[in-house]
Chemist: 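Next up is a structure, given as structure tokens.
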Amino acid sequence: MSVHAIAAVLSGQIRPGNRLTVQGWVRTRRDSKAGLSFIAVHDGSCFEPLQVVASAELPNYRSEVLHLTAGCALRVRGELVVSTGKGQAVELRADWIETVGGIEDPETYPVAPKPHSFEYLRTVAHLRPRTNSIGAVARVRHSLSQAVHRFLHERGYFWVHTPIITASDCEGAGALFRVSTLDGVNPPRTPEGGIDFAQDFFGRETFLTVSGQLNVEAYCLALSKVYTFGPTFRAENSNTSRHLAEFWMIEPETAFADLHANADLAEALLKFMFRALLDERADDLAFFAQRIDKTCIQRLERMVNAPFERMEYGEAIRILEKAGETFEFPVRWGVDLQSEHERYLTERHVGRPLVLINYPKEIKSFYMRLNDDGRTVAAMDVLAPGIGEIVGGSQREERLVVLDARLDEMGINKTAYNWYRDLRRYGSVPHAGFGLGFERTVSYATGMSNVRDVIPFPRTPRSADF
RNA sequence: UCCCCAGUAGCUCAGUCGGUAGAGCAGGUGACUGUUAAUCACCGGGUCCGUGGUUCGAGUCCGCGCUGGGGAGCCA
């Protein structure tokens, strides 16, 4: 008799009357007056557990079944039958139940069948995937990841595996984690007294990447359409519900594309991801809508059906100036938008995702293409209600002269970027790309308010357990 | 990093005016003719975050530290 995933059983692939085996973990056990027990068995293949009906006639009913508690691992054999109870269409009438792994001390098992706070669950990150919420998040992450690859693959994009270890000490974003094999207590010294990184593993200072963008641009200018999807690292002391020291980012890069094509791609990608999620994970989304965020399904449906608002930075400033709001940070042309400003624009002014374009060059990175007005760059941010920026991107500066001027202006050492500048020397073309923060996207889709709960093992300042 | 708040049973929390500890859930035992966060009865369960101080006496008041949360900055 074959073993089946509970997802296959509950989706109707197995008809009542068939005999089968399932394997999974106990969620709850309810004993009935009739001298039988109902065991909710969960194997993670879908949101719902399968109800197993265990009768007192089972040889191990009193010795084992009546002692099953949340978390016990089971193998159950029986016949699938139409349920006479209300909560489920079918159930497994067991004729054999085997405890594969028991619970050492049920009283202190950390994932009791009761509501837990997410703060507490983070302290048991190795066990929290057994909960409804974190299990659902894991399946949502999978669906969204697969959708990213499917969408970009179908549009002719190649997945490029850019390096995790980088020597660029200024990729334009955030503080870096050093990668080193030197003795941390007593490192080799230069004559000047500094640490002698020439003796380090790579013969120079190296770091964990903060973005695959610069590397993926090199492949863009050969394969035309490329993307990265991998982990990135920021050593910033950010203590918020939207930041992680290790997070995942999707970075498409398109040759012969301008900012508008770039924004089109970002919008189409997000819509494809959320459409796929609505199609594939209705069970998990129903849970998020019921327990986490009542509006999450309608938010996703609205997002996939309505065009994103597009707005010039200058227009956004005018709207904020006329808003009649008292902002903590005053608004004028040239300032970077603060959380309160983004929130006003997305949540109050347009009420849905907003693409802001053409920012002042002073507040953006060196690689963004200078516009003809000489004071703005072809940058874009996608702002989502509730979480703020989920996409940041730009058309890249493809003109070597202009790029060099920008590097000089910002006091960046050009020689460190010689390989990047080569891309502008040899067959340079207009190109554009963006970074999509994966955890923020999962957070937006599920209504989970802290990104630490949408990544399996979160890394944040002072916290890298597990 | 800054501002604010919190830390008491396995978990979520209450604890009044400073007088040596409570509930719900979870767990154990039992009852109940199909349960759905089952119900009912009984039972076990405490480094009151740490540290120093005030006091006859501190979970409670004060200082310092640690951890967590909310917000801000930085960003995705």
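Side-chain atoms are counted along with the backbone in the values below, which use heavy atoms only and exclude waters and symmetry mates. These numbers were taken from a predicted model, which means no experiment stands behind them.
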Chemist: With a non-hydrogen cut-off below 4.0 angstrom, is A:G437 in contact with a base, only sugar-phosphate, or nothing?
Modeler: sugar-phosphate
Chemist: Identify the nucleotide, in any strand shown, that forms a Watson-Crick or G-U wobble pair with B:C64, with both distances under 3.5 Å; if there is none, say none.
Modeler: B:G50
Chemist: Could you tell me if A:R299 sits above the aromatic ring of A:Y444, with its cationic atom closer than 6.0 Å to the ring centre and no more than 45 degrees from the axis?
Modeler: yes
Chemist: Report which part of the nucleic acid A:Q338 touches: base, sugar-phosphate, or nothing (heavy-atom distance under 4.0 Å, all strands).
Modeler: sugar-phosphate
Chemist: Tell me the interatomic distance from A:R452, atom CZ, to B:G69, atom C1', rounded to whole angstroms.
Modeler: 9 Å
Chemist: With a 4.0 Å cut-off on heavy atoms, is A:T240 in touch with a base, just the backbone sugar-phosphate, or nothing at all?
Modeler: base
Chemist: Please state how far atom CG in A:L66 lies from atom P in B:A31, giving the value in whole angstrom units.
Modeler: 10 Å
Chemist: Roughly how many Å apart are B:U51 and B:G59, using the C1' atom of each and rounding to a whole number?
Modeler: 16 Å
Chemist: Give A:E340 one of three labels, base, sugar-phosphate or nothing, depending on what nucleic acid heavy atoms sit under 4.0 Å from its own.
Modeler: nothing
Chemist: Can you tell me, in whole Å, how much space there is between the P of B:A38 and that of B:G70?
Modeler: 29 Å
Chemist: Categorize A:P110 for me: base, sugar-phosphate, or nothing, with a 4.0 angstrom heavy-atom threshold over every strand shown.
Modeler: nothing
Chemist: Taking 4.0 angstrom as the limit, do A:E439 and A:R141 come out as a salt bridge?
Modeler: yes
Chemist: Base, sugar-phosphate or nothing for A:R343? Non-hydrogen atoms, less than 4.0 Å.
Modeler: sugar-phosphate
Chemist: Only one of A:F229, A:F247, A:W248 forms a ring-ring contact (aromatic ring centres under 6.0 Å, His included) with A:F438, so which one is it?
Modeler: A:F229
Chemist: Taking atom C1' in both B:G15 and B:A6, what distance in whole Å separates the two?
Modeler: 16 Å
Chemist: Counting the atoms with a prime plus P, OP1 and OP2 as sugar-phosphate, which does A:V451 contact under 4.0 Å by heavy atoms, base, sugar-phosphate, or nothing?
Modeler: nothing
Chemist: Taking atom P of B:C40 as reference, at what distance in whole Å does atom CZ of A:R30 sit?
Modeler: 16 Å
Chemist: So A:L436, base contact, sugar-phosphate only, or nothing? Heavy-atom distance under 4.0 Å.
Modeler: nothing
Chemist: Counting the atoms with a prime plus P, OP1 and OP2 as sugar-phosphate, which does A:N450 contact under 4.0 Å by heavy atoms, base, sugar-phosphate, or nothing?
Modeler: sugar-phosphate
Chemist: Check whether A:W333 forms a cation-pi arrangement with A:R375 (NZ or CZ under 6.0 Å from the six-membered ring centre, at most 45° off the ring normal).
Modeler: yes
Chemist: Taking any heavy-atom pair under 4.0 Å as a contact, classify A:T123: base, sugar-phosphate, or nothing.
Modeler: nothing
Chemist: Mind checking the P distance from B:C25 to B:G69? Whole angstroms is fine.
Modeler: 28 Å
Chemist: Remember a base hit wins even if backbone is also touched, and classify A:T441 as base, sugar-phosphate or nothing at under 4.0 Å, heavy atoms.
Modeler: nothing
Chemist: For a quick check, tell me whether the side chain of A:S238 and the base of B:C74 share a donor-acceptor pair closer than 3.5 Å.
Modeler: yes
Chemist: In whole angstroms, how far is the C1' atom of B:G71 from the NE2 atom of A:H243?
Modeler: 13 Å
Chemist: Quick one: do A:F158 and A:H153 satisfy ring-ring contact (aromatic ring centres under 6.0 Å, His included)? Show the steps, please.
Modeler: CA-CA 7 Å; A:F158 295 106; A:H153 172 74; 8.3 Å; no
Chemist: Write down the distance separating the P atoms in B:G18 and B:A9, rounded off to the nearest Å.
Modeler: 23 Å
Chemist: Should B:A58 form a Watson-Crick or G-U wobble pair with both distances under 3.5 Å, which nucleotide is its partner?
Modeler: none
Chemist: In whole Å, what is the span from the CD atom of A:E342 to the P atom of B:C74?
Modeler: 10 Å
Chemist: If I take atom CZ in residue A:R234 and atom P in nucleotide B:G73, what distance separates them, rounded to the nearest angstrom?
Modeler: 17 Å
Chemist: Contact class for A:Y120 vs. all strands (heavy atom < 4.0 Å): base, sugar-phosphate, or nothing?
Modeler: sugar-phosphate
Chemist: Does the side chain of A:S63 pick up a donor-acceptor pair with the side chain of A:N60 at under 3.5 Å?
Modeler: no
Chemist: Could you state the NE2-P distance from A:H116 to B:A9, rounded to the nearest angstrom?
Modeler: 15 Å
Chemist: P atom, B:U12 versus B:G68: distance in rounded Å?
Modeler: 15 Å
Chemist: Take A:D336 and A:Y359 through the test side-chain hydrogen bond (donor to acceptor under 3.5 Å, both in side chains) and record every step on the way to the result.
Modeler: CA-CA 9 Å; A:D336 209 352; A:Y359 285 78; over 6 Å; no
Chemist: Distance check needed: B:C11 P versus A:L121 CG, whole Å only.
Modeler: 11 Å
Chemist: Between B:A72, B:U29, B:U12, which one does the side chain of A:S117 approach most closely?
Modeler: B:U12
